[in-house]
Amino acid sequence: MFRKKRVLSFILACIVLATFISCGASKKSEVTEEESSDLIVVGFSQPGAESAWRVALTDSVKEAFSESKGYKLIYKDGQSKQDNQIRDIRTFIQQGVDYIILSPIVETGWDTVLSEAKQAGIPVIICDRNVNVSNEALYTAFVGSDFKSQGEAAVSYLEKMYDADGDGVTEDLNIVHIQGTLESSAQLGRSKALAKAMEEHSNWNIVAEDCGEFTKAKAREIMENTLEEVDASDIDVLYCENDEEAMGAIAALNEAGVKYGVGSKITVVSFDATRNALELCMNGQINFVVECNPLQGPYLYNIVNMLNQGKTVPKITYVDENTFTPDELTEDYIQNRKY
């Protein structure tokens, strides 16, 4: 009888202990969910990770919307396909995120999915490249670059460089134009600036033009093909719409033994100002680089914070940017850059 009582007491003790642990675990789970619900959820759709520039943009956004600042960021890589980005945005809507940040691969084709986000009451902030929609009320704000001004800065450099007498009359120029992803904001702005210059300077000619898709490999292929069709001595300017393309084209020039850059016949112009490109510029291999600032996280963070406080935000916010020539760069400056 005594033995049975001991066994029974032991069983009761185990039940009490198990109940205590279970309650504790349940309590811990409730706290975790409560803490998680306190975070503001942001869905971020990127077109891809095809360049150092785009990786820097992603890192900047991740740093801005960290859990330590009260945010939960859901990141999606579109793998360079608009259909993937549209699907990702719909996933964000289904998840009930608080905000959506979209860096669109191209400008058009967003009306339907942005309408769905608006109907769900989710503010959408466009970053980097802009969108072309039937109603601008479909998105809350845009943060990014003024791509038209970037192109105009590059054109202005060429006009000054090839105007020996300073009278506004430039030399004859044969230009190889490697475009970025067609219909993207960056491509449209940078290409339009060059197209306008072509209209204003009848002695400027495009001897080769093709889409490099903002990639090194494609630009290298374009330059290799160009050198088979156009004599290098007939090329004056290489106008690449991002640094990856410039580096790809330069690789093709190196392989062909063609001189370029400072002190050579071929002037190289590039956009983005990544660390690798600025090193090439400092060394005289690229003549002029127009900055496209990927560190847009803090700008986006400010917009979202203003919205959280019920404040009206500006429809357009352009990020701060610069231009560079070889004599303006130092090794310390380049190494201290974040991208």
Side-chain angles (χ1 to χ4, degrees), residues 104-108 128-133 142 144-214 218-219 222-223 225-227 229-246 248-250 253 260-261 264-273 277 281 286-292 316 318 321-325:
I105 188 168
V106 294
E107 287 197 349
T108 57
D128 173 25
R129 306 167 180 176
N130 212 335
V131 294
N132 185 354
V133 290
F142 166 78
S145 299
D146 185 340
F147 296 110
K148 181 182 176 183
S149 292
Q150 289 179 0
E152 289 171 348
V155 166
S156 178
Y157 170 79
L158 293 174
E159 287 174 335
K160 292 176 182 178
M161 181 175 182
Y162 289 99
D163 181 8
D165 299 327
D167 56 4
V169 180
T170 63
E171 302 173 25
D172 297 348
L173 291 183
N174 289 329
I175 302 169
V176 173
H177 180 200
I178 302 182
Q179 299 167 297
T181 301
L182 298 180
E183 300 305 316
S184 67
S185 296
Q187 179 271 317
L188 291 171
R190 295 163 187 173
S191 291
K192 284 179 180 178
L194 181 60
K196 182 180 178 183
M198 301 295 295
E199 294 175 0
E200 297 172 351
H201 302 282
S202 58
N203 59 340
W204 288 22
N205 303 295
I206 299 289
V207 295
E209 183 176 65
D210 203 350
C211 173
E213 300 173 357
F214 290 129
K218 185 64 176 176
I222 291 170
M223 196 69 229
N225 294 337
T226 298
L227 292 174
E229 300 173 4
V230 180
D231 193 288
S233 62
D234 292 330
I235 300 173
D236 300 298
V237 174
L238 176 57
Y239 187 97
C240 298
E241 292 191 354
N242 84 334
D243 293 338
E244 296 290 319
E245 291 180 341
I250 283 173
L253 292 173
Y260 56 89
S264 302
K265 187 175 187 296
I266 300 177
T267 296
V268 181
V269 172
S270 182
F271 296 84
D272 282 358
C281 183
I286 296 179
N287 300 71
F288 189 71
V289 182
V290 182
E291 183 176 32
C292 183
I316 297 175
Y318 288 131
E321 294 173 333
N322 207 341
T323 61
F324 302 93
T325 55

Is the backbone N or O of Val207 less than 3.5 Å from a side-chain atom of Asn205, with the two atoms forming a donor-acceptor pair by type?
no
Taking side chain to side chain contact (heavy atoms under 4.5 Å, CB included) as the test, write out the residues that go with Glu152, two or more places apart.
Lys148, Ser149, Ala193
Under 3.5 Å: donor-acceptor pair, side chain of Ser145, backbone of Cys292:
no
Atom pairs and distances, side-chain donor-acceptor, residues 171-179, under 3.5 Å, sequence neighbours left out:
{"unit_1": "Asp172", "atom_1": "OD1", "unit_2": "Asn203", "atom_2": "ND2", "d": "3.1"}
{"unit_1": "Asn174", "atom_1": "ND2", "unit_2": "Asp234", "atom_2": "O", "d": "2.9"}
{"unit_1": "His177", "atom_1": "ND1", "unit_2": "Glu209", "atom_2": "OE2", "d": "2.6"}
{"unit_1": "His177", "atom_1": "NE2", "unit_2": "Glu241", "atom_2": "OE2", "d": "2.7"}

I'd like to know if the side chain of Lys265 reaches the main chain of Ser233, judged simply by a donor and an acceptor atom lying under 3.5 Å from each other, with no hydrogens or angles considered.
yes
So, does Asp163 use its side chain to make a donor-acceptor pair with the main chain of Gly168 at under 3.5 Å?
yes
So do Ile105 and Arg129 actually touch side chain to side chain, heavy atoms under 4.5 Å?
yes
Looking at Ala246 and Ser270, what are the two nearest heavy atoms and their distance?
CB-OG, 3.6 Å
Sorted by chain and residue number, the side chain to side chain contact (heavy atoms under 4.5 Å, CB included) partners of Ala232 (sequence neighbours excluded) come out as Leu227, Val258
Measuring from atom OG1 of Thr170 to atom CE of Met161, what distance do you get when rounded to the nearest 0.5 angstrom?
12.5 Å
Contacts of type side chain to side chain contact (heavy atoms under 4.5 Å, CB included), residue Thr325, not counting sequence neighbours
Tyr157, Phe288, Asp327, Glu328
Which value, rounded to the nearest 0.5 Å, describes the distance between Phe142 atom CZ and Asp128 atom CG?
7.0 Å
Aromatic ring proximity Tyr318/Phe147, centre distance under 6.0 Å
no
Can you tell me if Asn132 uses its side chain to pair, donor with acceptor, with the backbone of Glu107 under 3.5 Å?
no
Looking at OH of Tyr239 and OG of Ser191, how far apart are the two atoms once the value is rounded to the nearest 0.5 Å?
7.0 Å
Donor-acceptor pair, side chain of Asp243 and main chain of Ala273, under 3.5 angstrom:
yes
Output all residues satisfying side chain to side chain contact (heavy atoms under 4.5 Å, CB included) with Asp210, sequence neighbours left out; order by chain, then residue number.
Ile222
For the student: nearest non-hydrogen atoms of Ala249 and Leu238, plus distance
CB-CD2, 3.6 Å
Distance-minimising heavy-atom pair for Ser185 and Asn130
OG-N, 2.7 Å
Salt bridge (Lys or Arg N to Asp or Glu O under 4.0 Å) pairs touching residues 181-206, sequence neighbours excluded, are Arg190-Asp272
Separation between OG1 (Thr267) and OH (Tyr162), nearest 0.5 Å, reads 2.5 Å
Will you find, in the side chains of Gln187 and Thr181, an N or O donor that is under 3.5 Å from an N or O acceptor?
no
Does Trp204 form a side chain to side chain contact (heavy atoms under 4.5 Å, CB included) with Met198? I'd like the steps, not just the answer.
CA-CA 6 Å; Trp204 288 22; Met198 301 295 295; 3.7 Å; yes
